[in-house]
Protein chains: 2
Amino acid sequence: MAGNSQMPRTAKSRASARPRAGRTQGRNGSTQSGVMDDEIALDALAGHAGYAVRRFQIWIFQDFIRTLGAVDIRPTQYSVLTVIGANPGLSQMAVAKRLGIERARLVHLLDSLEQRELVSRLRSATDRRSHALHLTARGRTALAQFRRLAAEHERHVAVKIGKENRERLLQILSAFT
Amino acid sequence: MAGNSQMPRTAKSRASARPRAGRTQGRNGSTQSGVMDDEIALDALAGHAGYAVRRFQIWIFQDFIRTLGAVDIRPTQYSVLTVIGANPGLSQMAVAKRLGIERARLVHLLDSLEQRELVSRLRSATDRRSHALHLTARGRTALAQFRRLAAEHERHVAVKIGKENRERLLQILSAFT
DNA sequence: GAAGATTGTTGTTGACGACAACAATTGTTG
DNA sequence: CAACAATTGTTGTCGTCAACAACAATCTTC
């Protein structure tokens, strides 16, 4: 229930005012409020990977949250469930390190998932400090559904940037997974 | 004074325990705490663009923040300064829409930048509701320096993922800028 | 001129990353 | 084996950021 619609939806309508595609210098007096967004120069920003990546990441998370809105699962929760599902018995530290999540933050994530009875913390037999994390039966069937919805989301991504571009992207960023 | 160090810094040292690169199934009893991260299966996560993009975005922002740590400029501040510099006289709404920032959030960003005398809000002559945003003289010279540091950061990105991959990435995500 | 929209502002909520401190429990070493 | 160091889960704090809601001042529009 936190799903937001789609992209910032840059102001349309107002069909006049042909953008004079030339100079990117600003300083055109009348540029006050009726500006078409693409008239506004990004300047150096256009050459920064971080800017594009950030905007893309926001779009992708919004789509994920919306697509899995009915089951109320956010990207981080999905990643935690997936890793536990694929590696039952992991400790919280191990999950946190693997996903790059603060172990303090994982505590709350697991509290929530445990309350929803998707995950259970069992005391480890070998190290009484740590918890062995497992999916519950309900967690396993739920995850299967989440996976289907996540695949649907992934198709949205493919449509947005192109199937081949998506694969190329995954390949380029494989070092960060 | 908000700069955080670098990456999550997963525990290194401890030179023993050769990871047995085979199965990715988990369920190996001894897998409790001494796990090498790459033994832990990501499962479906590996096929999700969002996961990789998110991890990459975090890395890139951390490097940006660190590289521009000396001048205390964060990515969002840099983007705001850049857009105002390239389009003097813009209203806050226009900047917010162009960068996909909440206009409520831009208020605080500008408060900070105005306090540092990098930006000034002038009352618009044509619309007394809105502010015409300009860089101060100090803002212009400062931005030139920020740009040099940002270029250095961008070189870090190129080293990290490869020069061609960076360009390919910019191309793939050009729709989001 | 009245109704409705826009602009900047303030404030709240929640997700998230980074830290610091702590108790319980290993491990390590003299 | 006992003292000390390190690890694990936990709690709490702080700051960033996106999303909303409400408001006064100011256009727009009819």
Side-chain angles (χ1 to χ4, degrees), chain A residues 1-8 11 13-14 32-35 54-55 57-59 61-62 64-66 72-80 90-97 99-112 114 121-133, chain B residues 1-9 11 13-14 32-35 54-55 57-59 61-62 64-66 72-77 79-80 90-97 99-112 114 121-133:
Chain A
M1 209 106 306
N4 314 313
S5 23
Q6 44 264 68
M7 283 262 74
S13 61
R14 196 180 325 261
Q32 182 61 17
S33 35
V35 216
R54 175 65 173 155
R55 296 293 298 255
Q57 188 257 315
I58 290 174
W59 181 88
F61 266 44
Q62 280 174 339
F64 187 100
I65 292 168
R66 186 157 39 88
D72 192 26
I73 286 290
R74 314 191 97 253
T76 314
Q77 296 175 310
Y78 177 71
S79 71
V80 169
L90 280 188
S91 70
Q92 297 186 192
M93 259 312 288
V95 171
K97 258 198 302 198
L99 292 177
I101 300 175
E102 279 283 319
R103 72 184 197 278
R105 172 149 172 60
L106 187 59
V107 172
H108 301 299
L109 284 168
L110 288 175
D111 284 349
S112 158
E114 204 174 24
R121 293 189 247 219
L122 308 179
R123 300 220 62 87
S124 163
T126 62
D127 186 340
R128 297 176 48 208
R129 288 172 304 183
S130 65
H131 293 154
L133 301 174
Chain B
M1 209 110 307
N4 312 315
S5 26
Q6 45 264 72
M7 283 260 73
R9 183 179 304 159
S13 57
R14 196 182 325 263
Q32 183 60 18
S33 34
V35 216
R54 174 64 172 158
R55 296 294 297 255
Q57 188 258 315
I58 290 175
W59 181 88
F61 266 43
Q62 280 174 339
F64 187 100
I65 293 169
R66 186 156 39 87
D72 191 26
I73 286 290
R74 314 189 98 251
T76 313
Q77 297 175 311
S79 70
V80 170
L90 280 188
S91 70
Q92 297 186 191
M93 259 312 288
V95 171
K97 259 198 303 199
L99 291 176
I101 300 174
E102 279 282 320
R103 72 184 197 277
R105 173 155 169 57
L106 187 58
V107 172
H108 301 300
L109 284 167
L110 288 174
D111 284 349
S112 157
E114 204 173 26
R121 292 189 246 218
L122 307 179
R123 301 220 62 87
S124 163
T126 62
D127 186 341
R128 296 176 49 210
R129 289 172 305 181
S130 66
H131 293 154
L133 301 174

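Just so it is clear: chains get the letters A, B, ... in the order the sequence lines come, proteins before strands, and each one is counted from 1.
At the phosphate of dG17(C), neither OP1 nor OP2 sits under 4.0 Å from any side-chain N or O atom of Gln62(B). Contact between the side-chain N/O atoms of Arg103(B) and the OP1/OP2 oxygens of dA18(D) is not found at any separation under 4.0 Å.
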At a cut-off of 3.5 Å, list every protein nitrogen or oxygen paired with a nitrogen or oxygen from nucleotides 24-30 of chain D, distance to 0.1 Å.
unit_1	atom_1	unit_2	atom_2	d
dT26(D)	OP1	Arg128(B)	NH2	3.3
dC27(D)	OP1	Asp127(B)	OD1	3.4
dC27(D)	OP1	Arg128(B)	N	2.9

I'd like a table of atom pairs between the protein and nucleotides 12-16 of chain C - only N or O on both sides, under 3.5 Å - with the distance next to each one.
unit_1	atom_1	unit_2	atom_2	d
dA15(C)	O3'	Arg74(A)	NH1	2.8
dC16(C)	OP1	Arg74(A)	NH1	3.3
dC16(C)	OP1	Thr76(A)	OG1	2.8
dC16(C)	OP2	Arg105(A)	NH2	2.2
dC16(C)	O5'	Arg105(A)	NH2	2.8
dC16(C)	O3'	Arg54(B)	NH2	3.4

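Going from atom NE2 of His131(B) over to atom C1' of dT6(C) covers 14 Å, rounded to whole Å. Look at CG on Leu106(B): it is 12 Å from C1' on dT7(C), rounded to the nearest Å. Straight-line distance from the CD atom of Glu114(B) to the C1' atom of dT9(C): 13 Å, rounded to whole Å. Going from atom CG of Leu99(B) over to atom P of dA18(D) covers 11 Å, rounded to whole Å. One can place CG of Leu110(B) at 15 Å from P of dT7(C), the figure rounded to the nearest angstrom. Glu102(B) places its CD atom 8 Å from the P atom of dA18(D), with the value rounded to the nearest Å.
You'll find the side chain of Ile101(A) reaches within 4.5 Å of the side chain of Val80(A), heavy atoms only.
Phe64(B) approaches Arg74(B) most closely through the heavy-atom pair CE2-C, 3.7 Å.
Atom CD of Gln92(A) sits about 13.5 Å away from atom NZ of Lys97(A), to the nearest 0.5 Å. Annotation: the span from Leu106(B) atom CG to Leu133(B) atom CG amounts to 7.0 Å, rounded to 0.5 Å. Note that the CG atom of Leu109(B) and the CD atom of Glu114(B) stand 12.5 Å from one another [nearest 0.5 Å]. Once rounded to the nearest 0.5 Å, the distance linking OG of Ser130(A) with CG of Leu90(A) reads 10.5 Å.
With sequence neighbours excluded, no residue satisfies side chain to side chain donor-acceptor pair (under 3.5 Å) with Gln77(B).
Set against dT10(C), dT11(D), dA18(C), the side chain of Val107(B) has dT10(C) as its closest nucleotide.
Note on Gln92(A): only backbone sugar-phosphate atoms sit closer than 4.0 angstrom, heavy atoms only; bases stay farther off.
The salt bridge (charged side-chain N to carboxylate O under 4.0 Å, His left out) contacts involving residues 99-112 of chain B comprise Asp111(B)-Arg121(B), where partners must be two or more places apart or lie in separate chains.
dA21(C): Watson-Crick or G-U partner is dT10(D), with both key distances under 3.5 Å.
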